[in-house]
Amino acid sequence: MKMVVRAFALLLLIGTIGVWAACGGTFGWTKTSVPIREEDPVTGIEAVRYKTRLVPGVEFLALGVGGAVIIFAATLFVRITPKD
Amino acid sequence: MKIARVLPTFFFASLASVAFAEVQTFDFKDPKGVNNVTFVLDAPLESISGTASGISGTVTYDPENPEATEGKIVVDSESLHVPNPMMKDHMHGEKWLDVKKYPEISFELKELSDIQKTENGGTANATGTFTLHGVSKEITVPVKVTYLPGRLKDRMPNAEGDLLVIRSDFTIKRSDFDIQPGQNEDKVSDEIKISMAIAGAAPKS
């Protein structure tokens, strides 16, 4: 049983880091929009438009990694016995 | 005889109309949505950057006489955007900008000084009243003005007229405008770097 919980913690850890990296994770706070810069050819002004996109930040990483660590730590201290 | 009397009057009237035609009012409500103001707050623990796009206002400009430039640029406080939704809510909220109570941020030009003319505009120091969070303060900021005669049709194919581009980079302190003075400066810098690039149009009817 402990092994199953530990495997789940490992999966959570890998999954969190994987999703964070795959979505272009940032070490700042999570963003729900990203700026797209485009220069206006007549005026030379760089227009900034926002595109809706999730960029997971440190709180996402902290929640996933923290959760995995807590689950793993729990297996060290909590006795899990399967029911008969 | 009558013609001799009427001709000089016609000549001077035409001359005057040409001279006055140079003074134009540029509308900065850009239908293309290109105009923007960016802001950066670089605190030791956190860097916040965003933009404002709800820009309006008018500027009266004469390329031959830039000293006489007048105008007011207004930014809709609600249009201030940062990519983190919670941060945006806090920024718009009562504790910080209180956009419901103070829906506008504005700069009203009083005078231009140190004008350096170039071929299509020039640079100057613009002194005027900057209003933010309900607090008005006189500030002087460097501006770069680019006058683009006849270029409106390049942006709006069915319109004839001129364009005026204004750029300015300057810094203000939020504490000067009663925005949480002395609070959270490790995360929300007191200094706000503002970068403005806006284009106004003066259509000719």
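Protein chains get the first letters and strands the later ones, always in sequence-line order, with residue 1 at the start of each.
- No more than 12 heavy atoms of other residues, nucleotides or ligands lie within 6.0 Å of CD in E70(B), so this atom counts as exposed by the packing criterion.
- Atom NZ of K204(B) is surrounded by more than 12 heavy atoms from other residues, nucleotides or ligands within 6.0 Å.
- Environment of CH2 in W20(A): crowded, with over 12 heavy atoms of neighbouring residues, nucleotides or ligands closer than 6.0 Å.
- Both the backbone and the side chain of T51(B) come within less than 4.5 Å of a heavy atom in chain A.
- No more than 12 heavy atoms of other residues, nucleotides or ligands shown are found within 6.0 angstrom of NZ on K193(B).
- Among the residues in residues 59-67 of chain A, those with a non-hydrogen atom closer than 4.5 angstrom to a non-hydrogen atom of chain B are E59(A).
- Heavy-atom distances place the side chain of N36(B), and not its backbone, under 4.5 Å from chain A.
- The neighbour count for K100(B) NZ, taken as heavy atoms of other residues, nucleotides or ligands under 6.0 Å away, does not exceed 12.
- Minimum heavy-atom separation, Y50(A) to P83(B): CE2-CG, 4.1 Å.
- In this structure, E94(B) places its CD atom where only 12 or fewer heavy-atom neighbours from other residues, nucleotides or ligands lie under 6.0 Å away.
- One distance of note links CE of M87(B) with NZ of K31(A); it measures 9.0 Å at 0.5 Å rounding.
- For a residue to count as touching a neighbouring chain, one of its non-hydrogen atoms must lie under 4.5 Å from one of that chain's; by this rule M86(B) does not touch chain A.
- Heavy atoms closer than 4.5 Å to chain A are found in the side chain of V165(B), but not in its backbone.
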Check against side chain to side chain contact (heavy atoms under 4.5 Å, CB included), I45(A) and R167(B): CA-CA 9 Å; I45(A) 294 173; R167(B) 288 184 171 84; 4.0 Å; yes
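- Heavy atoms closer than 4.5 Å to chain B are found nowhere in R53(A), neither backbone nor side chain.
- When the shell of 6.0 Å around CD of E119(B) is examined, it contains 12 or fewer heavy atoms from other residues, nucleotides or ligands.
- Listed in order of number, the residues of residues 33-44 of chain A that approach chain B to under 4.5 Å between heavy atoms are S33(A), D40(A), V42(A), T43(A), G44(A).
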